[in-house]
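Only a predicted model underlies this, so the values are computations on that prediction, with no experimental measurement involved. Note that ligands are numbered from 1 as they come in the structure, with each ligand's atoms numbered from 1 the same way.
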Amino acid sequence: MTEKDFIPKTYTNSVENGTATWSSPSNIALVKYWGKKDNQIPANPSISFTLDACKTTTTLTFSKKERNDDFSFEVFLDGEKKYDFKPKIETFFKRIENYVPFLKEYHFVINTKNTFPHSSGIASSASGMSALALCLMSVEKQLISIVRSSGVETSLDENHFNQKASFLARLGSGSACRSLEGDLIVWGEHKEIPNSSNLFGVKYPFEVHENFKNYHDTILLVDKGEKQVSSTVGHNLMHNHPFAEQRFAQAHNNLSKLIPVFKEGNLKSFIDIVESEALTLHGMMMTSMPYFILMKPNTLEIINKIWRFRQDTGLHICFTLDAGANVHILYPENEAQEIYEFIKTELVAYCQNGHYICDRIGFGAKQLPI
Ligand code: PMV
């Protein structure tokens with residue numbers, strides 16, 4: 001597949017107006033994407049658990065407009081008009097215009113809501129961009145009907161629909177391309193993962209042991225403020241980073257190592273890889289120029305407590321981090337009761353206002369009825 005394969009040939013149908021609603025989850029990377037080339041091409045492959053409870057629901061309403069010279073849209077979050085969301089969506093529309101050429105023909109009303117608070121420090125860009133990309137694909141689906149050689153009219157096939165939605169979501173926010181399906185998604189070319197692509201996320205194709213079914217992710221909200229350094233700036237600091245090449249090679253290597261780990265259910269090795277990835281991500285931030293730190297003192301308190309508890313109990317609790325201070329605590333279903341008890345009694349005290357979110361591995365986006 002190349003970018004060109006996502007440019008539609010012609011739209012066969014004319015549609016005046018309509019609406020589409022999709023609900024799309026967030027995801028948490030196990031092998032991290034950090035560093036990109038032009039056009040949102042990742043510098044290394046990544047893999048993530050799709051989440052379940054943290055999600056964005058977006059309704060897109062579209063109506064034909066008279067002139068096709070510019071984008072026209074309004075955005076609402078929880079029913080409130082959000083002018084500050086517009087520049088990001090405008091950039092997204094510019095990037096995807098070639099692939100969804102109907103964009104300037106309609107006025108769009110984008111109504112969006114998250115299950116998690118907007119100012120929780122949890123990035124809504126993955127769930128938000130994937131929900132919007134799926135809504136746009138639902139518009140495209142109405143504009144295309146394909147006449148097969150049998151003479152039967154069909155619509156876009158599901159595989160192309162999902163692949164293109166992931167492709168579009170990537171152009172909104174890289175990690176968003178891993179939010180459409182579940183429960184383990186790979187994004188970025190990797191020699192051992194057939195059909196892996198830099199252009200869109202694909203389902204992890206190999207065997208996954210029972211140990212990883214229903215895996216938990218309890219997200220401790222350590223700092224709900226706006227990040228001092230955006231991920232766009234962070235990614236760019238990987239250009240000319242002294243350790244960039246080693247880091248990209250390490251990500252390839254860690255993804256290779258995870259293949260037997262997933263197959264055999266080896267939780268000990270899983271923990272080693274996942275925690276190392278999280279700390280390497282933050283290590284890259286601390287060693288870029290300019291350097292920066294997104295962890296807070298409570299992030300480190302929590303990590304130390306997790307290590308102590310793991311040593312004392314032998315339970316398979318581990319942490320990962322995204323580009324912020326919040327801590328994702330990952331643990332298997334059959335140890336959930338004891339670990340959750342520990343989180344409530346020992347760790348919640350480190351969260352801002354005691355806030356945390358109980359999530360688990362999920363299976364991707366869903367279209368909601370009109
Ligand atoms: O999708 P972006 O550009 O917000 O980058 C996200 C990067 C990390 O969350 C830090 C890692 C990842 O792979 O999700």
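I185 CD1 to W187 CH2: the interatomic distance, rounded to the nearest 0.5 Å, is 13.0 Å.
Residue R178 has at least one nitrogen or oxygen atom sitting less than 3.5 Å from a nitrogen or oxygen atom of ligand 1, judged on distance alone. Remark: ligand 1 and N27 share no N or O pair separated by less than 3.5 Å (distance only, no angle test). Every N/O-N/O distance between S46 and ligand 1 stays at or above 3.5 Å.
Annotation: K366, atom NZ; neighbour count of heavy atoms from other residues, nucleotides and ligands within 6.0 Å does not exceed 12.
Using a 4.0 Å cut-off between heavy atoms, L281 contacts ligand 1 through its side chain alone, with no backbone atom that close. In K36, neither the side chain nor the backbone holds a heavy atom less than 4.0 Å from any atom of ligand 1.
The main-chain N or O of I41 is never found under 3.5 Å from a side-chain atom of N198 such that the two would form a donor-acceptor pair.
For atom 7 (C) of ligand 1, the closest non-hydrogen atom of the protein is Y33 O, 3.5 Å. Nearest to atom 9 (O) of ligand 1 among the protein's heavy atoms is D322 CB, 3.8 Å.
Near A323, with a cut-off below 4.0 Å to any heavy atom, the atoms of ligand 1 are 10 (C). Distances below 4.0 Å separate heavy atoms of S231 from the following atoms of ligand 1: 2 (P), 3 (O), 4 (O). Here is the list of ligand 1 atoms found below 4.0 Å of a heavy atom in A29: 12 (C), 13 (O), 14 (O). Near H235, meaning under 4.0 Å from any of its heavy atoms, are these atoms of ligand 1: 2 (P), 3 (O), 5 (O). Residue contact check: G174 has heavy atoms under 4.0 Å from atoms 1 (O) of ligand 1.
Geometric assessment of K263 against the ring of F206 yields a negative cation-pi assignment under the 6.0 Å and 45° thresholds. Cation-pi contact between K86 and F73: present, with separation from the ring centre below 6.0 Å and deviation from the ring axis of at most 45°. The cationic group of R170 lies under 6.0 Å from the six-membered ring centre of F167 and within 45° of the ring axis, placing it in a cation-pi geometry.
Between the choices S125, S175, G35, the shortest heavy-atom distance to atom 1 (O) of ligand 1 belongs to S175.
The pair E97-K104 meets the salt-bridge criterion, since a charged nitrogen lies less than 4.0 angstrom from a carboxylate oxygen.
The shortest distance between side-chain heavy atoms of P8 and F102 does not fall below 4.5 Å.
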